[in-house]
Amino acid sequence: MNDEKYIGVFDSGIGGLTVVKSIMDIMPDENIVYYGDTAHVPYGNRSKGQIINYVNDDILFLQKFNLKAIVIACNTADSIAREYAENKFDLPFFGVVEPASAEAAITTRNGKIGVIATNATVNSRAYENAIGRINKELTVISKACPLLVPLVENNRFKKNDSVIETVLNEYLEPLKAEKIDTLVLGCTHYPLLYDLISDIMPGTKIISSSVVAANALKKGMIELGLYGGNVSAQRKFYVSDNPELFGSKASTFLGSDMKVSVKHISEID
Ligand code: DGL
């Protein structure tokens with residue numbers, strides 16, 4: 001029965017909770033099991049082989065639950081290991097890169113799309129390829145922003161914080177110079193920077209991969225006959241390191257006062 005099954009969601013750490021928030025907003029009745037591989041965050045500075053190994057382990061862990069689908073709530077993992085996951089595991093996979101690319105392609109008016117993401121995502125050219133498949137005429141200008149994930153993880157994402165503002169201004173300057181009219185937040189940590197980025201790039205349409213990923217998930221689940229939840233939906237959260245630290249930050253990413261009970265992967269029930 002679909003209503004007893006879980007949507008498995010994973011990320012390298014806590015950023016994927018921005019996707020969970022969007023899923024809960026539009027599909028409040030779906031069971032969700034989240035896995036944050038906090039022992040290995042960040043993925044964004046690692047090699048392709050290492051990211052694939054981690055993604056393999058993330059999926060093996062989630063498969064301990066009765067799943068209907070898996071959401072790769074990490075742009076880095078989706079960019080590098082999506083094909084590997086789909087070839088190896090017999091489950092429907094949903095990601096973040098394709099929905100954000102589709103949204104950017106229909107949003108831009110001048111044909112210039114900026115993407116900010118981790119080193120690994122930018123080097124993979126996943127966004128260039130996905131947007132190019134939709135419309136070859138569009139120009140994609142990507143900028144790796146490796147300092148943003150550690151700053152967000154350390155709570156440095158608020159307005160009037162001179163450190164994050166300085167770093168963001170430096171990263172966004174070349175995209176402003178290229179006169180992009182649409183900017184993809186190509187990392188699930190970045191929705192927390194939405195307001196700061198809007199202030200730096202007024203008039204630019206900003207696309208959060210988290211929101212569009214949840215919309216695409218719902219559409220895809222309906223198409224596959226997987227949609228259908230439970231009024232008392234279950235939410236489970238697991239991490240590979242330091243559940244207390246994850247729990248203390250979770251409400252910021254979930255955008256609510258929701259307190260979550262977080263377990264270590266060894267405490268699976
Ligand atoms: N959340 C990851 C992403 O969306 C970034 C964090 C990391 O580097 O592991 O790309």
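We count ligands from 1, going down the list as the structure has it; atoms in each ligand are counted the same way.
Proximity to His189 (heavy-atom distance under 4.0 Å) selects the following atoms of ligand 1: 1 (N), 5 (C), 6 (C). Proximity to Thr118 (heavy-atom distance under 4.0 Å) selects the following atoms of ligand 1: 5 (C), 8 (O), 10 (O). If you number the atoms of ligand 1 from 1 as listed, the ones under 4.0 Å from a heavy atom of Tyr43 come out as 7 (C), 8 (O), 9 (O).
If you check which protein heavy atom lies closest to atom 5 (C) of ligand 1, you get Cys187 SG, 3.3 Å. Nearest protein neighbour of atom 10 (O) of ligand 1, counting heavy atoms only, is Thr76 OG1, 2.6 Å. Regarding atom 2 (C) of ligand 1, its nearest protein heavy-atom neighbour is Cys74 SG, 3.4 Å. Among protein heavy atoms, atom 1 (N) of ligand 1 sits closest to Thr188 OG1, 2.8 Å. Summary of contacts: the protein heavy atom closest to atom 6 (C) of ligand 1 is Ser12 OG, 3.4 Å.
If you check the side chains of Ser210 and Ser22, you find no donor sitting under 3.5 Å from an acceptor. When only modelled atom types and interatomic distance are considered, Asp181 and Thr108 share a side-chain donor-acceptor pair under 3.5 Å. A donor-acceptor pair shorter than 3.5 Å can be found between the side chains of Asn56 and Tyr84. Under 3.5 Å, the side chains of Asn45 and Thr118 contain no donor-acceptor pair of N or O atoms. Asp58 and Tyr43 form a side-chain donor-acceptor contact under 3.5 Å, judged by distance and modelled atom types alone.
Taking distance alone, with nitrogen or oxygen atoms compared against 3.5 Å, Thr121 stays at or beyond that limit from ligand 1. In terms of polar-atom proximity, Asp11 is counted as a contact of ligand 1, with an N or O under 3.5 Å from an N or O of the ligand.
In this structure, of Ala117, Gly36, Gly44, the residue bringing a heavy atom nearest to atom 8 (O) of ligand 1 is Gly44. If you check each of Asn119, Asn75, Thr18 against atom 4 (O) of ligand 1, the one with the closest non-hydrogen atom is Asn75.
A pairwise comparison of heavy atoms in Tyr35 and Ser240 identifies OH-CB, 3.2 Å as the closest pair.
Under a 4.0 Å N-O distance rule, the pair Lys68/Glu30 qualifies as a salt bridge.
Heavy-atom separations between Gly13 and ligand 1 are all 4.0 Å or longer.
Side-chain atoms of Ile7 and Asn31, non-hydrogen and from C-beta on, never get closer than 4.5 Å to each other.
None of Thr188, Val260, Leu254, Val9 except one satisfies the side-chain contact (heavy atoms from CB on, under 4.5 Å) rule with Leu17; the exception is Leu254.
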